[in-house]
Structures are given as structure tokens and as C-alpha cells.
Protein chains: 4
Amino acid sequence: MRAQRNAAAQAGSARRRELLTIAERQFATRGFAQTTIRDIADEAGILSGSLYHHFPSKEAMLGEALQEFLEGLLARSVAIVEQGDRPREVLDQLIRESFATINAAPDAVALYQNEKSFVAETPGFEFVAKLSRDIEKLWLGVIKSGRAAGEFRTDLDVNLTYRFIRDTVWSTVGWYRLGGRFSHHAVAEQYLSLLHGGMLKN
Amino acid sequence: MRAQRNAAAQAGSARRRELLTIAERQFATRGFAQTTIRDIADEAGILSGSLYHHFPSKEAMLGEALQEFLEGLLARSVAIVEQGDRPREVLDQLIRESFATINAAPDAVALYQNEKSFVAETPGFEFVAKLSRDIEKLWLGVIKSGRAAGEFRTDLDVNLTYRFIRDTVWSTVGWYRLGGRFSHHAVAEQYLSLLHGGMLKN
Amino acid sequence: MRAQRNAAAQAGSARRRELLTIAERQFATRGFAQTTIRDIADEAGILSGSLYHHFPSKEAMLGEALQEFLEGLLARSVAIVEQGDRPREVLDQLIRESFATINAAPDAVALYQNEKSFVAETPGFEFVAKLSRDIEKLWLGVIKSGRAAGEFRTDLDVNLTYRFIRDTVWSTVGWYRLGGRFSHHAVAEQYLSLLHGGMLKN
Amino acid sequence: MRAQRNAAAQAGSARRRELLTIAERQFATRGFAQTTIRDIADEAGILSGSLYHHFPSKEAMLGEALQEFLEGLLARSVAIVEQGDRPREVLDQLIRESFATINAAPDAVALYQNEKSFVAETPGFEFVAKLSRDIEKLWLGVIKSGRAAGEFRTDLDVNLTYRFIRDTVWSTVGWYRLGGRFSHHAVAEQYLSLLHGGMLKN
DNA sequence: AATGAATGAGTGTTCATTCAT
DNA sequence: CATGAATGAACACTCATTCAT
């Protein structure tokens with residue numbers, strides 16, 4: 001109701017970053033709604049009320065985590081596309097980058113996967129839909145270029161193809177475990193191989 | 001908790017089925033934890049306390065919905081496998097059946113997708129992991145047979161391949177809309193085509 | 001956020017009336033903001049959460065109390081004006097009625113006096129300003145008629161006169177005590193005598 | 001609590017006076033309990049904790065504001081009474097002084113009006129009741145003298161008359177606006193005219 | 001089969017105050 | 001003089017659940 005006015009709510013604080021990391025992990029693990037402000041505070045070793053010295057609300061913590069994640073992902077995706085490689089190579093790199101992101105920041109990815117639908121209708125979270133759309137446009141552009149360049153099949157619907165790829169890649173966060181049997185590189189290469197050539201023996 | 005049943009909680013009741021359908025839709029839309037017993041009661045036109053005449057708890061409603069869904073899915077999957085077709089054909093049919101299930105019971109699918117991780121650690125819900133495993137074994141068996149029969153590539157990891165397929169198929173529930181641009185048949189065929197031959201032009 | 005949907009929130013309940021009376025007294029004594037939901041629940045002998053079975057919010061309790069008070073006061077005022085007596089007589093009766101109201105429902109009067117300014121800017125409480133204005137119009141009309149009829153002095157500003165009278169009358173609630181030295185009739189007659197003839201000996 | 005003073009909390013500080021003015025206005029506008037220490041600090045451009053360098057507590061700010069107001073008012077009232085004019089003239093001057101005070105320090109007046117009942121039972125605020133009583137004695141003395149001198153009517157109760165006057169005068173703070181249609185002089189004269197001669201045409 | 005009243009534990013949030021720096 | 005981090009108690013409100021009727 002009253003505007004945010006906390007000096008501590010500035011980006012700079014190290015403590016703030018610590019708390020956000022804790023929140024991110026808990027949100028990712030338990031779900032945003034199921035995580036209580038007391039859970040986060042407990043893990044940080046402070047009282048729940050003290051969190052409000054750093055963040056104006058629980059929702060703000062979610063928002064910050066999502067924004068950081070999406071802006072980083074978009075920036076890295078843009079950088080890949082702007083390198084100017086051939087579409088097929090660009091798509092492969094986007095996919096590899098996605099698996100690398102899952103490996104580097106599984107909590108943020110899981111958070112995004114789990115909460116994006118809840119967050120869609122929440123005021124103040126419009127940026128989620130917007131950044132998601134920006135990223136989507138990037139991918140769709142690459143796929144279209146690849147079709148035009150004769151690299152990709154044209155008998156498949158562009159949007160469906162994009163969604164199949166996107167869903168497969170990001171779903172990985174649900175079962176990929178750090179230090180598991182496969183490195184994120186291996187998982188990426190396996191998926192790329194399947195995507196390129198299909199499952200059938202020829 | 002789940003085992004106990006009121007007299008009125010017998011399987012036969014039509015009212016009971018009505019209430020479960022309402023609960024299923026709300027759980028699927030809002031999430032289990034975010035749905036209140038009052039949301040359900042409101043839509044049913046009764047008071048929240050009255051739900052306890054039909055179900056012993058909110059969790060019991062979730063359990064029943066999940067059980068019904070998973071048992072049906074397993075039964076249909078077993079039936080497909082038992083037809084004795086060649087593995088490639090069986091796999092295609094399993095995939096088609098999945099898309100058909102998404103089309104026929106999107107709430108149950110979404111419910112399962114959203115709550116399976118929460119439910120994993122909840123006592124009384126062991127059947128979820130068990131039935132999921134049964135279905136997984138079925139799919140893995142088909143894939144292995146296909147490899148042995150020389151129909152599928154053998155340079156891909158079986159488990160990874162299974163997970164890629166499973167995730168892609170079930171994720172569809174997040175964006176597939178009844179009466180949208182594509183019928184569930186069309187979506188299935190597009191995915192099968194991509195899965196069979198890959199994305200690259202040859 | 002969700003609409004009111006409580007069957008118990010109907011006007012009819014006796015328990016509801018009891019709770020509202022308790023709330024009214026506490027709001028009047030301590031102030032609305034200083035009264036906690038637990039204060040009210042404690043006096044009613046229930047837990048604080050149980051109040052929400054009867055009222056959707058603390059503000060709703062305030063709103064109901066104010067509405068009941070203002071609508072009753074307006075109705076009684078209209079009835080007095082419509083009797084068609086001469087303005088001087090009507091004004092006297094309005095004043096007597098005000099003192100009677102203070103005597104009969106001191107809590108409601110004090111509540112209104114204390115909270116009307118807070119409530120002025122609160123969404124959902126527009127009716128307070130509206131009913132207050134309706135009552136004001138009634139009084140102003142009577143004073144103007146009395147001036148036109150040659151009963152009241154015309155060298156005094158109408159609006160100031162109204163406010164002087166209104167403030168004096170309602171302020172009484174701050175010190176008038178049931179069973180004190182003066183009955184409300186006596187207080188009314190003393191004020192009327194002062195208002196009619198002034199303070200100076202002639 | 002109030003007695004204790006930091007070194008910096010000496011009377012002389014200009015910053016202190018600034019802060020107190022801000023607090024006074026906010027207390028008057030929003031109410032003491034509804035004003036947070038942060039509201040005050042925000043307007044002053046410092047952090048809430050820093051206020052405690054100047055004042056030992058929020059209550060102490062209220063206490064200081066009230067004391068300053070009441071002591072000033074009492075002093076000015078005593079000065080008027082001690083001039084030795086005839087009671088009728090003294091009463092008029094007391095009333096004029098009251099309206100002038102409302103004009104000069106509306107925040108302090110509003111503060112006193114709003115918080116005097118809350119403050120009545122608060123330890124450390126006994127001076128409020130005492131100074132109020134001192135002022136009341138002054139007014140009652142003037143009225144009694146006027147009756148004895150044959151200037152005022154004797155058929156009205158002294159205490160009731162005093163309260164009627166006091167309430168009317170101070171209530172003005174609720175609607176009198178600086179730069180409004182009437183100067184405080186005009187309002188005073190209108191009220192004196194009504195009080196002297198009454199409302200009826202003779 | 002349903003109501004209506006209540007419980008009790010918990011949820012996000014607020015806020016005066018303290019204190020090391 | 002002020003900051004920034006924290007406390008601890010309180011607050012309005014939510015919700016699954018119980019139970020007498």
C-alpha cells in the first residue's frame with residue numbers, strides 16, 4: 001500500500017543476495033505458495049519479520065529471482081543468435097545453452113517452470129510473459145531461418161516444433177541431477193542427436 | 001486416513017463423482033495446495049464442512065483422482081503392449097494414446113503433472129510412484145525391444161530417450177487447447193514424424 | 001480477494017448481532033484501529049478466526065455498524081421533518097432526537113464521531129459520506145425554512161450555524177454518561193435553552 | 001521512559017524541532033497510533049532508527065507536542081483572565097483566543113482533540129489531564145463570575161454551558177480550513193454572536 | 001445429506017525499538 | 001548524526017477439519 005522506501009532494498013547488499021539464493025532454492029523445491037517466509041528466515045538464521053528489511057514482500061523475492069533468471073537467459077540467447085552462425089548451428093547452441101543453464105542454475109529454472117502459470121495473471125509480473133515471448137521469438141526466428149536455408153524440414157509446423165523442443169529441454173530440470181550419470185554436456189548431445197536424426201534406424 | 005470411508009463414501013454415489021470432477025478441475029487449474037475445500041464446496045453449492053460427508057479429507061480427493069487416472073492409463077498401456085505389434089508400432093500407439101488422454105482428460109493429466117513431485121513424499125500416495133514405475137517399465141521395455149529388433153537407433157541412451165519422449169508428450173497438456181488449431185491427432189502425428197525422422201532435412 | 005460466500009454472513013443470525021454489539025462497543029471505546037480482532041473474539045468467548053465465519057473482515061464489522069447507525073438516524077430525521085411542524089419546532093425535535101440517540105446508542109455515535117474521517121477515504125465506505133450529506137441537507141433545509149419564516153435570525157451564516165449546532169450536540173457523547181447527573185432530556189433542554197436565547201442576561 | 005534524554009536530545013536542537021513538527025502534522029492527520037515512526041523518518045529523510053537519537057520513543061514525541069501546546073494555551077488563557085476585564089469580555093477573549101489557536105496551530109489542536117482520551121490512561125501523560133483541568137477551572141471561574149455579576153443567565157447549568165462552548169469551539173478544527181471562506185476572526189464573531197443572543201429572532 | 005458454529009495452527013506482514021558500526 | 005541489520009511481539013486473516021443439530 002505504501003511505496004517501497006527501504007534503503008536496504010537496493011541491489012548492492014551481499015546479505016540480500018544470500019537471502020535470495022535461499023528463497024530461490026526453497027521456492028524451487030517446495031513451490032512458491034508452499035514455502036513460508038518463516039522457512040526462508042529459519043534457514044537464514046533470522047526471524048521472519050527481518051526479511052522485510054531486505055524485501056518488501058514474498059512476491060518481490062519471487063519477482064526478483066524470475067527477472068534475474070529471464071534477463072540473463074535472454075541476454076545469453078541474444079548473444080548466441082547475434083554471432084551469425086548458420087541456423088542449424090545456432091539452434092544447437094541455444095539448446096546447449098539451455099542445458100548449461102539447467103546445470104548452472106537448476107533452482108531458477110525449476111522456479112520458472114513451476115510458477116510461470118501462476119505468475120501469468122499476477123499484477124507486477126508482466127515482465128515474465130514479455131521476456132518469455134522475447135525468447136520465444138528468438139527461437140522461432142532461428143527455426144524459420146533454418147527452414148528457409150534448407151537446413152530444417154519444412155513439413156513440420158514451426159510452432160509445434162518449437163514447443164516440442166522447448167518442453168523437452170526445460171523438463172529436464174525435473175530429473176537432471178548434478179553429479180548424476182550424465183553430465184549436462186552428455187545430455188545435450190544425446191538430445192541433439194535424437195533431434196537431428198530421429199529415433200529410427202535407417 | 002485415506003483408508004477410512006464413511007457410509008456415504010461408497011463408490012456408487014453420483015454426487016460423489018460430481019464433487020470429484022469439480023475438485024479435479026480446480027486442483028488442475030489452481031494447484032492442489034492453492035485450492036481450498038471451500039472453492040470446491042462453493043462450486044458444488046454446498047458448505048465446505050459438508051464435503052466431509054463424502055470424502056474423509058482433501059488429500060483423499062486428490063488420491064482418488066490420481067489413482068483413477070493412473071490405473072486407467074496403465075490399463076490402456078498394457079492393452080496396447082499386449083496386442084503384440086512390432087515395437088515401433090507399439091511405441092507410436094503409446095504416444096498416440098498419451099495425446100488422446102491429454103485430450104480426453106486434461107485435468108487429470110495436469111493434476112498428475114503438477115502434483116506428482118509433491119505427492120512423492122506423502123504417506124498414502126505410494127501408489128503414485130508405483131504405478132508411474134509400472135508404466136515406465138512398459139515404455140522402457142518397448143524401446144529395448146525396438147533396439148533389439150533393429151528398429152530403433154542403439155547409439156542413444158534408453159533412459160534418456162524415454163525421458164525425452166515422456167516429457168515432451170505430457171508437457172503438451174500445458175498448452176494444448178481443446179478446439180485449438182490442431183487436433184490431438186494432428187499434434188500426435190507431428191510429434192511422431194519429428195521423433196521418427198528428426199528435424200534435419202536430408 | 002475472493003467474493004463473500006458465507007451463508008452465515010446473512011443478516012438473520014442472532015449470534016451475529018451479539019458479536020456486532022461487542023465490536024461496536026470496543027471500536028467506540030478503544031478506536032477501530034486499536035481494537036484487535038482478538039479483543040472482540042475474547043469478549044465473545046471464541047477464537048479470533050471464528051469471527052470470520054460471521055463477518056468477512058474487521059472493516060466489514062465497522063461498515064455494518066456505521067450503516068445501521070446512519071440509516072436509522074436518517075430515517076428518524078426524515079420522519080421528524082415530514083411531520084410538517086414549524087421549522088423552529090422541527091429543529092428542536094431534531095436536536096432532542098440527537099440527544100436521545102446519544103443516550104440510546106452511545107457506542108454507535110462515538111464510533112461514527114471517531115472514525116468518520118478515517119473512513120472518508122476508504123473504498124467501500126462511500127455510504128458514510130453520502131448519508132452524512134443527506135442528513136446535513138435535512139438540517140440545512142430546516143434552518144433555511146426557519147429563516148424564511150422569520151423564526152431564526154438571518155444575520156448568522158447558515159452553514160456555520162449548522163456546524164456549531166451539530167458539533168455541540170454530537171460532542172456530548174464524549175462526556176455524557178448514562179445515569180449521570182443529567183438525563184439526556186435535561187441536557188437537551190439546557191442546550192435548546194442556550195441555543196434559543198443565548199447566554200447573556202437581558 | 002519519557003524522562004530519560006540522550007545527550008543530543010537537548011531542547012536547543014533545530015533538527016529536533018523540525019522532526020517534532022513533522023511528527024505533529026502526521027499525528028494530527030493520520031492519528032497517533034496510525035502514524036509509524038517510519039512515516040516520520042521518511043518525511044525527514046532519515047531512517048526510522050535514527051529518530052531514536054533525538055527522541056527516546058514515539059510516545060515521547062506525542063508527549064512533547066501535547067505539553068508544548070497545553071502549556072502555551074494555559075499561559076495565554078491565564079494572561080487573558082489576569083487582565084481583569086469584566087467576565088463577559090474575558091469569556092469573549094478566551095473564545096477568540098481559541099479560534100486563533102486553531103488557526104495558528106491546527107495540528108496541535110487536532111492532535112489534542114484526537115488523542116486526549118487515549119492518553120488519559122497512559123502513564124507519563126498525567127500532565128495532560130492536569131493542564132486540561134487548569135484551563136477548565138479558568139473558564140468555569142469566568143462563567144461563575146459573569147453570573148455573579150449579572151452578565152450571564154443563571155438558569156443554565158455552569159458545567160453544561162462550559163462544555164457546550166468548549167466542544168463547539170474546539171470541534172471547529174475538524175472543518176476550519178486555512179484560506180477557506182471564513183477567516184478565523186469571522187468564525188469567532190459568528191459564534192460569539194450566536195452564543196450571546198441565541199438563534200431566535202426576537 | 002447438509003448446515004452452522006467453532007477450532008487451532010499457521011500465513012504474510014507490520015512496527016517500535018535496539019545496537020554495533 | 002546516521003546507517004543497516006535485526007528483534008519480538010503482535011496483527012488481520014486463512015483454512016482443513018470437527019461436530020452437534
Side-chain angles (χ1 to χ4, degrees), chain A residues 1-2 6-10 12-13 15-16 19 33-41 44-59 61, chain B residues 1 6-8 13 15-16 33-41 44-59 61, chain C residues 1-2 6-10 12-13 15-16 19 33-41 44-59, chain D residues 1 6-8 13 15-16 33-41 44-59:
Chain A
M1 216 134 270
R2 293 198 186 112
N6 207 320
Q10 305 299 344
S13 165
R15 188 74 172 115
R16 193 183 160 71
L19 296 171
Q34 280 64 57
T35 301
T36 76
I37 224 75
R38 278 174 183 84
D39 290 332
I40 301 169
I46 57 178
L47 289 177
S48 70
S50 304
L51 273 178
Y52 289 82
H53 181 64
H54 302 275
F55 301 93
S57 72
K58 186 185 164 192
E59 266 193 10
M61 292 188 220
Chain B
M1 206 151 267
N6 304 25
S13 167
R15 188 78 175 115
R16 192 183 162 72
Q34 279 64 58
T35 301
T36 75
I37 222 82
R38 253 162 93 161
D39 289 330
I40 301 168
I46 57 177
L47 287 181
S48 66
S50 305
L51 273 179
Y52 289 82
H53 186 67
H54 302 276
F55 300 93
S57 73
K58 187 184 163 191
E59 270 193 7
M61 290 187 224
Chain C
M1 214 135 272
R2 294 199 187 111
N6 208 321
Q10 305 299 343
S13 165
R15 188 72 173 118
R16 194 182 159 72
L19 296 171
Q34 280 64 57
T35 301
T36 76
I37 225 77
R38 274 177 182 83
D39 290 332
I40 300 168
I46 58 178
L47 289 177
S48 70
S50 304
L51 273 178
Y52 290 82
H53 182 63
H54 302 276
F55 302 92
S57 72
K58 188 184 163 192
E59 266 193 9
Chain D
M1 208 147 267
N6 304 24
S13 165
R15 189 80 175 112
R16 192 182 161 73
Q34 279 64 57
T35 301
T36 76
I37 222 82
R38 252 162 94 162
D39 289 329
I40 300 168
I46 57 178
L47 287 182
S48 67
S50 305
L51 273 179
Y52 288 82
H53 186 66
H54 302 276
F55 300 93
S57 73
K58 187 184 163 192
E59 270 192 6

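Labels below follow one simple rule: chain letters A, B, ... track the order of the sequence lines, proteins then strands, and each chain is numbered from 1. Not measured: the values here are computed from a predicted model. Reckoned from all heavy atoms, side chains included, excluding hydrogens, waters and symmetry mates.
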Open item on the list: Working to the nearest 0.5 angstrom, can you tell me the gap between B:Arg16 CZ and B:His53 NE2?
Closed with: 10.5 Å
Task: Spacing of A:Thr35 atom OG1 and A:Lys58 atom NZ [to the nearest 0.5 Å] - done: 6.5 Å
TODO: Kindly write out the residues that satisfy side-chain hydrogen bond (donor to acceptor under 3.5 Å, both in side chains) with C:Arg38, not counting sequence neighbours, or none if the list is empty.
DONE: none
Task: Polar pair under 3.5 Å, donor/acceptor by atom type, side chain A:Arg38, base E:dG12 - done: yes
TODO: Answer yes or no: does a side-chain N or O of B:Tyr52 lie under 4.0 Å from OP1 or OP2 of F:dT17?
DONE: yes
Open item on the list: Would you say A:His53 places a side-chain N or O within less than 4.0 Å of OP1 or OP2 belonging to E:dT14?
Closed with: no
Atom [atom1] of [X] to atom [atom2] of [N]: distance rounded to whole Å?
X: D:Leu51; N: E:dA16; atom1: CG; atom2: P; result: 10 Å
X: D:Gln34; N: E:dC15; atom1: CD; atom2: C1'; result: 13 Å
X: A:His54; N: F:dA6; atom1: NE2; atom2: C1'; result: 8 Å
X: B:Ile40; N: F:dC15; atom1: CD1; atom2: P; result: 12 Å

Regarding [X], tell me which of base, sugar-phosphate or nothing describes its non-hydrogen contacts under 4.0 Å with the strands shown.
X: A:Ser48; result: base
X: D:Ser50; result: base
X: C:Ile37; result: sugar-phosphate
X: C:Arg15; result: sugar-phosphate
X: A:Leu47; result: base

- [ ] For the helix from E:dA2-F:dT21 to E:dT21-F:dA2, figure out the bend between the end axes, five pairs an end, and round to 10 degrees.
- [x] 10°
- [ ] Could you say whether C:Thr36 or D:Ile46 is positioned toward the 5' end of DNA chain F, judged by the nucleotide with the nearest heavy atom to each?
- [x] D:Ile46
Open item on the list: Heavy-atom nearest nucleotide on DNA chain F for C:Glu59 versus A:Leu19: which residue maps closer to 5'?
Closed with: A:Leu19
- [ ] Could you please spell out the steps behind the side-chain contact (heavy atoms from CB on, under 4.5 Å) verdict for A:Ile37 and A:Met61?
- [x] CA-CA 10 Å; A:Ile37 224 75; A:Met61 292 188 220; 3.9 Å; yes
TODO: Using heavy atoms to find the nearest nucleotide of DNA chain E for A:Asp39 and D:Lys58 separately, return the residue whose nucleotide is more 5′.
DONE: A:Asp39
